[in-house]
Amino acid sequence: LVRLTFWQTILSVAGIVVAVVALYAALTESAAVREQTAASVWPYVQFSISDHKSDAGANFSLALTNTGVGPARMQNLRLILGGEAVHNWEQAVSLVNGNPNAVVARSFITYRVISPGETVNVFSTTNPDLVGRFQRAMIDPNSSIAYCYCSIFDACWLADSTAIIQQPTAIDTCPDFGEAAYRH
């Protein structure tokens, strides 16, 4: 039979308390390190339209810029013009009744990585007639854009121009836009 003295019992309880406090501190520190690591690679993708039309020239561009501090893995994009889903820029030009032979520049955005500080012009044109047509199409209340992107740690955000608050919202996984998805 083992008997503990009063002091041995006090020392044992103190050792257990110190071990519990050390474990709590280690777990708290670990969670803080994980949050700091995730914040150090946080992407923030912003959508912008740049347009002008004057006697000197015209320009319309739709762009995505990563203003965050980490790379953004673009997952998918949905563009609606006048209530109709756009699958590619040839279709977009057709939807606004533009000249199919007009010069346009376009970049692929789906499943692409955008580096911090990088801007990707998804679509642009300097054709004055097409610029005017896209200006009118983008202010149509039935037109919208939504896109989803993730960090390298698979934290994802959804931005939707129809949302009340115009900033990306954290989500678990990117939605599948299905038939409404922009393809190329």
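Note that the coordinates shown come from a computational prediction; the quantities given were computed from them, not determined experimentally. Any value given below was found using the heavy atoms of this structure, including those in side chains, with hydrogens, waters and symmetry copies removed.
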For this session: With rounding to the nearest 0.5 Å, note down the distance linking CD1 in I49 to OG in S124.
Result: 13.0 Å

For this session: Take V41 and V69, measure what side chain to side chain contact (heavy atoms under 4.5 Å, CB included) needs, and give me the verdict at the end.
Result: CA-CA 5 Å; V41 293; V69 293; 5.9 Å; no

Exercise. To the nearest 0.5 Å, how far apart are CG in L62 and CG in N121?
Worked result: 8.5 Å

For this session: Would you name the heavy atoms of L130 and N127 that are closest together and state the gap between them?
Result: N-OD1, 2.9 Å

Exercise. Is the closest side-chain heavy-atom distance between I114 and T65 below 4.5 Å?
Worked result: no

Problem set entry | Over all atoms of both residues, closest heavy-atom pair of Y182 and T110 | O-OG1, 3.8 Å

For this session: To the nearest 0.5 angstrom, please state how far the CD1 atom of I16 sits from the CG atom of L11.
Result: 11.5 Å

Exercise. Hey, does L77 have a side-chain heavy atom less than 4.5 Å from the side chain of L64?
Worked result: yes

For this session: Not counting sequence neighbours, which residues clear side-chain hydrogen bond (donor to acceptor under 3.5 Å, both in side chains) with E179? List them please.
Result: R183

Exercise. Under a 4.5 Å cut-off applied to non-hydrogen side-chain atoms, are R106 and E90 in contact?
Worked result: yes

Exercise. Can you pull the disulfide bond (SG atoms under 2.5 Å apart) pairs that have at least one residue in residues 154-184, sequence neighbours excluded?
Worked result: C148-C174, C150-C156

Problem set entry | Minimal non-hydrogen separation, Q8 against T5, with atom names | OE1-N, 2.9 Å

For this session: Spell out, yes or no, whether F177 and L95 are grouped together once hydrophobic residues are joined by side-chain heavy atoms under 4.5 Å, including indirect joins.
Result: no

For this session: Tell me, please, which residues at least two apart from D55 pass salt bridge (charged side-chain N to carboxylate O under 4.0 Å, His left out).
Result: none

Problem set entry | R78 and V86, any side-chain heavy atoms less than 4.5 Å apart | no

Exercise. Does a donor on one side chain sit under 3.5 Å from an acceptor on the other, for N66 and E118?
Worked result: no

Problem set entry | Counterpart residues, ring pair (Phe, Tyr, Trp, His ring centres under 6.0 Å), relative to F123 (two or more places apart) | W89, F134

For this session: Might you point out which heavy atoms bring V131 and T125 nearest each other, and give the distance in Å?
Result: CG2-O, 3.6 Å

Show me the donor-acceptor pairs, under 3.5 Å and distance only, between side chains in residues 137-147 and residues at least two apart or in other chains.
residue, atom, partner, partner atom, Å
D140, OD1, N142, N, 2.7
S143, OG, G82, N, 2.9
S143, OG, A137, O, 2.7
Y147, OH, V45, O, 2.9
Y147, OH, F47, N, 3.3

Problem set entry | Path from Y44 to I109 over hydrophobic side-chain contacts below 4.5 Å | yes

For this session: Give a yes or no on whether the backbone of V96 and the side-chain of R133 come within a donor-acceptor separation of less than 3.5 Å.
Result: yes

Problem set entry | Sidechain-backbone polar pair: T119 side chain, A63 backbone, donor-acceptor under 3.5 Å | no

Problem set entry | Nearest heavy-atom neighbours spanning Q46 and T67 | OE1-CG2, 3.1 Å

Problem set entry | Straight-line distance of H52 NE2 to N59 CG, nearest 0.5 Å | 6.0 Å

Exercise. Which is it for L79 and H87 under the side chain to side chain contact (heavy atoms under 4.5 Å, CB included) test, yes or no, and what are the steps along the way?
Worked result: CA-CA 8 Å; L79 177 64; H87 300 134; over 6 Å; no

For this session: Go through the structure and list residues passing ring pair (Phe, Tyr, Trp, His ring centres under 6.0 Å) with Y149, not counting sequence neighbours.
Result: W157

Exercise. What's the spacing between M74 CE and N76 CG if we round to 0.5 Å?
Worked result: 8.0 Å

For this session: Verify, without hydrogens or angle tests, whether Q91 (side chain) and A85 (backbone) share a donor-acceptor contact under 3.5 angstrom.
Result: yes

Seminar exercise, completed: Rounded to the nearest 0.5 angstrom, the OH-CZ distance for Y111 and R73 is 11.0 Å

